[in-house]
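Let me begin by presenting the structure, written as structure tokens, before commenting on it.
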Amino acid sequence: MMEPMLIDLHTHSNASDGTDTPAELVAAAGARGIDVLAITDHDTTAGWTPALAARPTAMTIIRGTEFSCVHVSPEGRRISLHLLGYLYDPANAALRDERLRLRESRLVRGRQMVENMAADGVDISWPQVQALAGDGPVGRPHLGRALVDSGVVPDVNTAFRDLLSSRQPYYVRKIDTDVFTAIRLVRAAGGLPVFAHPLARRRGPVVSDEVIADMAAAGLVGLEVDHPDHDADDRVHAAALASALGLVATGSSDYHGTNKTTPLAAATTTVSSYEALVALPSFLAPVGPR
Ligand code: AMP
Ligand code: FE
Ligand code: FE
Ligand code: ZN
């Protein structure tokens, strides 16, 4: 009998806020038996080329990006959310400019959060964070790692809970992309937009089903149903919503190396969903046997 295919469509390398290099990420995926891997660093394509260079011949790699977005309600309530864009044209000027702007915003905001903490006597410095982020987009996990290194907190998870979360006074907002704009930008660049962890309430407020329906009408093609931040009820709800809206239901680990405890393939996408996704027209093709 054939082994079931393992498909993980959302992972991070140290091109953003994961801890594995893209080559290490691909090697770890190979060791885990993953057949299809999407590399989806935040607001960048920098991991794509080294990931492809490290690809074992039996593995398929999907090039993607997780875009930092915001939904603003008619009453002005802001909810941050993440949009995965797969297989889009990296040279598309409008989307490339938006990635650049998002990375700039991460830099300004990361610096401001460090200043807020340092001013309050927390042992953290900007050069320390810069050394961890390298040339890549700065994320709160880099701040968390710096706080662990300084001995302020025992682990990144505690850093999020006690210092970095949006509920803490040190938090500074990024200037993220309006999610409807992001959906249109990804589509215009030939990409496939999928709403990442739509019901991850632990991270903060989430958008309503009505907003997700509006996103579907704006060109969204998929919904991440199986995700470590979704409990069993969330998954049932998201699956029903995806079905009702004609969206592809995906699943993924959102692996970040040792910055998070979630292992690769902690959640996965079914073969039929994967096939439905890649059957849609896209600028880039998956690289590999399937
Ligand atoms: P940022 O994009 O800079 O706002 O930071 C958000 C990132 O932090 C996301 O990629 C999350 O996956 C990650 N994150 C959120 N909560 C935690 C946590 N408790 N521990 C580690 N990473 C987290
Ligand atoms: Fe992340
Ligand atoms: Fe995310
Ligand atoms: Zn992610």
Side-chain angles (χ1 to χ4, degrees), residues 8-22 25 28-29 37-48 51 62-71 79-86 99 102-103 105-107 109-110 113 129 132-134 136-146 148 155-157 159-160 164-166 171 173-174 176-177 179 182-183 186 193-207 212 215 220 222-230 234 238 250-269:
D8 192 338
L9 293 183
H10 178 173
T11 67
H12 296 262
S13 76
N14 70 356
S16 66
D17 58 2
T19 53
D20 294 354
T21 65
L25 168 65
L37 176 78
I39 176 167
T40 54
D41 280 302
H42 297 281
D43 308 328
T44 183
T45 62
W48 290 4
I62 306 279
R63 286 165 284 180
T65 298
E66 185 173 27
F67 291 95
S68 309
C69 299
V70 63
H71 177 260
I79 294 178
S80 82
L81 67 170
H82 288 169
L83 187 75
L84 294 160
Y86 296 113
R99 290 194 301 279
L102 288 166
R103 294 199 298 271
S105 178
R106 285 180 167 280
L107 206 59
R109 171 277 205 138
M113 283 186 69
V129 173
L132 289 163
V138 179
R140 280 180 287 163
H142 297 117
L143 274 59
R145 179 65 48 191
V148 173
D155 52 56
V156 177
N157 202 33
F160 265 87
L164 303 177
S165 97
S166 57
Y171 181 78
R173 232 172 43 206
K174 299 187 267 79
D176 293 336
T177 312
V179 70
I183 289 169
V186 170
V194 171
F195 186 4
H197 44 76
L199 302 177
R201 273 172 266 95
R202 197 171 56 85
R203 299 163 180 244
V206 299
V207 297
I212 299 176
M215 288 167 65
L220 189 73
L223 202 59
E224 204 172 51
V225 168
D226 287 313
H227 183 281
D229 289 357
H230 287 173
D234 293 335
T250 66
S252 54
S253 64
D254 203 355
Y255 174 77
H256 279 70
T258 59
N259 273 344
K260 269 191 182 175
T261 52
T262 315
L264 279 163
T268 56
T269 298

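These numbers were taken from a predicted model, which means no experiment stands behind them. Throughout, residue positions are numbered sequentially from 1 according to the sequence presented. Order of appearance sets the numbers: ligands from 1, and atoms from 1 within every ligand.
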(message) When you compare the side chains of Arg106 and Ser68, does any donor N or O come within less than 3.5 Å of an acceptor on the partner?
(response) yes
(request) Check all N, O or S atoms of Asp17 and name the one closest to the Fe ion (ligand 2). (result) OD2
(request) Check whether the side chains of Ser252 and Asp8 place a donor and an acceptor atom closer than 3.5 Å, and report yes or no. (result) no
(message) Only N/O/S atoms count here: what is the atom of Glu66 closest to the Zn ion (ligand 4) called?
(response) OE1
(request) Measure across Asn259 and Pro141 and return the closest heavy-atom pair with its distance rounded to 0.1 Å. (result) ND2-CB, 3.7 Å
(message) Taking N, O or S atoms only and a limit of 2.8 Å, check whether His197 reaches the Fe ion (ligand 3).
(response) yes
(message) Regarding Asp17 and Arg145, does a basic nitrogen lie under 4.0 Å from an acidic carboxylate oxygen?
(response) no
(request) Please note down the angle at the Fe ion (ligand 2) between NE2 of His256 and NE2 of His42, to the nearest 10°. (result) 130°
(message) For the metal site, I want the angle between atom NE2 of His10 and atom NE2 of His12 with the Zn ion (ligand 4) at the apex, to 10°.
(response) 100°
(message) Using the rule side-chain hydrogen bond (donor to acceptor under 3.5 Å, both in side chains), only one of Asp254, Thr269, Thr250 pairs with His10; which is it?
(response) Asp254
(request) Give a yes or no on whether His82 keeps an N, O or S atom under 2.8 Å from the Fe ion (ligand 3). (result) yes
(request) Return the name of the atom in Asp254, of element N, O or S, nearest to the Zn ion (ligand 4). (result) OD1
(request) Could you confirm whether Asp254 has any N/O/S atom lying under 2.8 Å from the Fe ion (ligand 3)? (result) no
(message) Please give the atom name: the N, O or S atom of Glu66 nearest to the Fe ion (ligand 3).
(response) OE2
(message) Looking only at side-chain N and O atoms, does His230 offer a donor or acceptor that is under 3.5 Å from a partner on His197?
(response) no
(message) Can you confirm whether the side chains of Glu66 and His12 place a donor and an acceptor under 3.5 Å from each other?
(response) yes
